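A short worksheet on the structure shown next.
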Protein chains: 2
Amino acid sequence: MADQAPKMTMESAVEVLKRQGCRITPQRIMILEYLLSTDDHVTAEELYEQVKLMYPHISFSTVYRTLELLRDAGLITQTDLGKGTWSYHPIDRADHHHLICLGCGEMWEIPQDTFDEVHRQIMERYSFDALMVHYAIYGRCERCR
Amino acid sequence: MADQAPKMTMESAVEVLKRQGCRITPQRIMILEYLLSTDDHVTAEELYEQVKLMYPHISFSTVYRTLELLRDAGLITQTDLGKGTWSYHPIDRADHHHLICLGCGEMWEIPQDTFDEVHRQIMERYSFDALMVHYAIYGRCERCR
DNA sequence: GTACTTGCAAATGCTTTGCATATCC
DNA sequence: GGATATGCAAAGCATTTGCAAGTAC
């Protein structure tokens with residue numbers, strides 16, 4: 001769990017895709033480029049809108065298909081941040097979790113290692129390698145309690 | 001976190017609903033009855049099918065509206081168990097979490113208190129009352145690793 | 001050249017909504 | 001009696017799919 005993903009670059013990401021026999025298309029590059037350029041956690045729709053600015057021909061199916069590809073390749077995480085749809089984020093920057101207040105909707109980041117001990121315990125007791133990366137933790141903040 | 005929800009019965013559930021000004025209709029009773037009678041975590045569709053056996057007139061909208069009502073009333077939990085839609089479960093039986101293997105899809109239950117320590121830490125450090133109830137924890141089981 | 005990708009449009013599937021009717025209290 | 005809840009059908013919306021055309025390698 002504590003093992004950190006190495007810093008991801010365009011090159012390393014492309015390398016991973018090539019190794020899996022995927023072709024490198026302009027659409028995939030644009031999508032990767034945007035994902036790597038922002039610190040936000042983007043939804044398919046946001047990504048579509050952004051990529052469209054530079055590449056007006058992009059289609060929604062390509063965005064969905066590419067996000068699925070990148071997720072299965074282990075390059076991005078897919079998280080439910082309460083937007084009603086998935087949010088995506090490069091895996092190397094997913095070294096944190098989110099506290100999301102059910103009252104005011106505000107969001108805080110907490111460090112990756114919060115779950116290290118639980119991960120260790122679950123591994124020890126159940127031989128289960130829990131994927132505790134980039135969690136969305138709902139609850140109530142001090143003000144809203 | 002460690003505080004256990006009291007055992008839920010038809011009577012106590014109805015009591016909660018009444019206190020909120022909700023009316024007690026046969027549909028709501030049937031839905032509650034099924035939820036309380038099974039140990040499964042049911043989806044809206046499964047619930048619809050089951051209730052339909054005893055009350056053929058039930059409609060999908062009623063099921064959805066009732067599940068939303070029961071969730072907002074704090075009587076049931078809504079969890080993503082990887083079925084592609086929400087699963088529902090009486091809150092008093094939600095005293096556990098699920099390990100779900102991304103390889104074989106198998107599911108194991110682990111005790112509620114697994115996250116007690118993390119909950120305490122998050123409260124202490126961020127004054128955030130994390131709602132760590134009935135989590136779905138994805139990962140890989142021993143065989144699939 | 002060939003298998004992989006894309007764009008388009010249509011289909012899908014879950015969920016929500018408007019509204020007239022029924023019903024709980 | 002009056003506010004609530006229901007059923008139905010239609011709408012909504014995010015996502016997926018089939019397929020012909022395009023393209024990476």
Side-chain angles (χ1 to χ4, degrees), chain A residues 10-11 13-34 41-73 75-76 78-88, chain B residues 10-11 13-34 41-73 75-76 78-88:
Chain A
M10 247 337 252
E11 292 72 45
V14 164
E15 199 46 49
V16 170
L17 290 183
K18 278 190 179 164
R19 212 176 309 137
Q20 310 208 352
C22 299
R23 294 193 175 159
I24 308 307
T25 65
Q27 291 91 333
R28 287 177 179 177
I29 290 181
M30 301 256 106
I31 289 174
L32 262 174
E33 222 150 50
Y34 184 73
H41 303 67
V42 297
T43 62
E45 168 140 33
E46 287 158 2
L47 187 55
Y48 171 73
E49 293 301 342
Q50 285 302 320
V51 172
K52 211 174 165 180
L53 296 177
M54 319 181 68
Y55 194 96
H57 241 56
I58 191 87
S59 78
F60 246 118
S61 7
T62 302
V63 170
Y64 279 113
R65 283 191 276 229
T66 305
L67 285 172
E68 189 186 4
L69 181 83
L70 298 178
R71 181 199 35 158
D72 291 348
L75 294 171
I76 60 177
Q78 185 188 48
T79 317
D80 176 9
L81 291 179
K83 292 191 187 179
T85 180
W86 300 108
S87 294
Y88 298 87
Chain B
M10 248 334 254
E11 292 73 45
V14 164
E15 200 45 51
V16 170
L17 291 182
K18 277 190 178 163
R19 212 176 309 137
Q20 312 208 350
C22 299
R23 295 194 175 158
I24 309 306
T25 65
Q27 291 90 335
R28 289 178 177 176
I29 291 182
M30 300 256 104
I31 289 173
L32 262 174
E33 221 150 52
Y34 184 72
H41 302 68
V42 296
T43 62
E45 167 140 33
E46 287 158 2
L47 186 55
Y48 171 72
E49 293 302 341
Q50 286 302 319
V51 172
K52 211 173 163 181
L53 296 177
M54 316 182 68
Y55 194 94
H57 241 54
I58 192 88
S59 78
F60 247 117
S61 7
T62 301
V63 170
Y64 279 112
R65 283 190 276 229
T66 304
L67 285 172
E68 189 186 3
L69 181 84
L70 298 178
R71 180 198 35 154
D72 292 347
L75 294 172
I76 60 177
Q78 186 187 47
T79 317
D80 175 9
L81 290 180
K83 291 191 187 179
T85 182
W86 299 109
S87 293
Y88 298 87

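Below, chains carry the letters A, B, ... as their sequence lines are ordered, and counting in each starts from 1. None of the values given here were measured: they were computed from a predicted structure.
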Do A/His41 and A/Thr79 have side chains that get closer than 4.5 Å, going by heavy atoms? no
Toward the 5' end of DNA chain D, which comes first, B/Arg23 or B/Tyr55, by nearest nucleotide? B/Arg23
Tell me what B/Thr85 touches on the nucleic acid: a base, only sugar-phosphate, or nothing, going by heavy atoms under 4.0 Å. sugar-phosphate
May I ask you to evaluate whether A/Thr62 reaches the phosphate of C/dG7, defined as a side-chain N or O under 4.0 Å from OP1 or OP2? yes
Which two nucleotides bound the region of DNA chain D that has atoms under 4.0 Å from heavy atoms of chain B, read 5' to 3'? D/dG2 to D/dA9
Atom-to-atom span, NE2 of A/His57 to C1' of C/dT6 - whole angstrom: 10 Å
Of B/Gln27 and A/Gly21, the one whose closest nucleotide on DNA chain C sits nearer the 5' end is A/Gly21
From CZ of B/Phe60 over to P of C/dT17, roughly how many Å is that when rounded to an integer? 17 Å
Listed nucleotide nearest any side-chain atom of B/Tyr64, set C/dT17, C/dC8, C/dC14: C/dC14
Side-chain donor/acceptor of A/Thr25 to base of C/dC4, under 3.5 Å: no
Sub-4.5 Å side-chain heavy-atom contact between B/Ile76 and B/Leu67: yes
Answer with base, sugar-phosphate or nothing: what part of the nucleic acid does B/Tyr48 contact at a heavy-atom distance below 4.0 Å? nothing
Sidechain-backbone polar pair: A/Thr66 side chain, A/Thr62 backbone, donor-acceptor under 3.5 Å: yes
Separation of A/Ile31 atom CD1 from C/dT5 atom P, in whole Å? 13 Å
Determine yes or no for a side-chain-to-main-chain donor-acceptor pair under 3.5 angstrom, with B/Arg28 supplying the side chain and B/Arg23 the backbone. yes
Pair B/Lys83 + B/Glu46, salt bridge at N-O below 4.0 Å: yes
Exceeds 12 heavy-atom contacts within 6.0 angstrom, atom CE of A/Met54: no
Rounded interatomic separation in angstrom, taking CD from A/Gln20 and C1' from C/dT5: 16 Å
Taking CD from B/Glu45 and C1' from C/dG13, how many angstroms apart are they, rounded to a whole number? 10 Å
Scan B/Arg65 against the nucleic acid and name what it touches under 4.0 Å (heavy atoms): base, sugar-phosphate only, or nothing. base
Could you state the atom-to-atom distance from CD1 of B/Ile29 to C1' of C/dC25 in whole Å? 14 Å
dist B/Ser87:OG -> B/Gln78:CD (nearest 0.5 Å) comes out at 9.5 Å
Value in whole Å for how far the C1' atom of C/dT15 lies from CD of B/Gln78: 12 Å
Rounding to an integer number of Å, can you tell me how far B/Asp80 CG sits from C/dT15 P? 11 Å
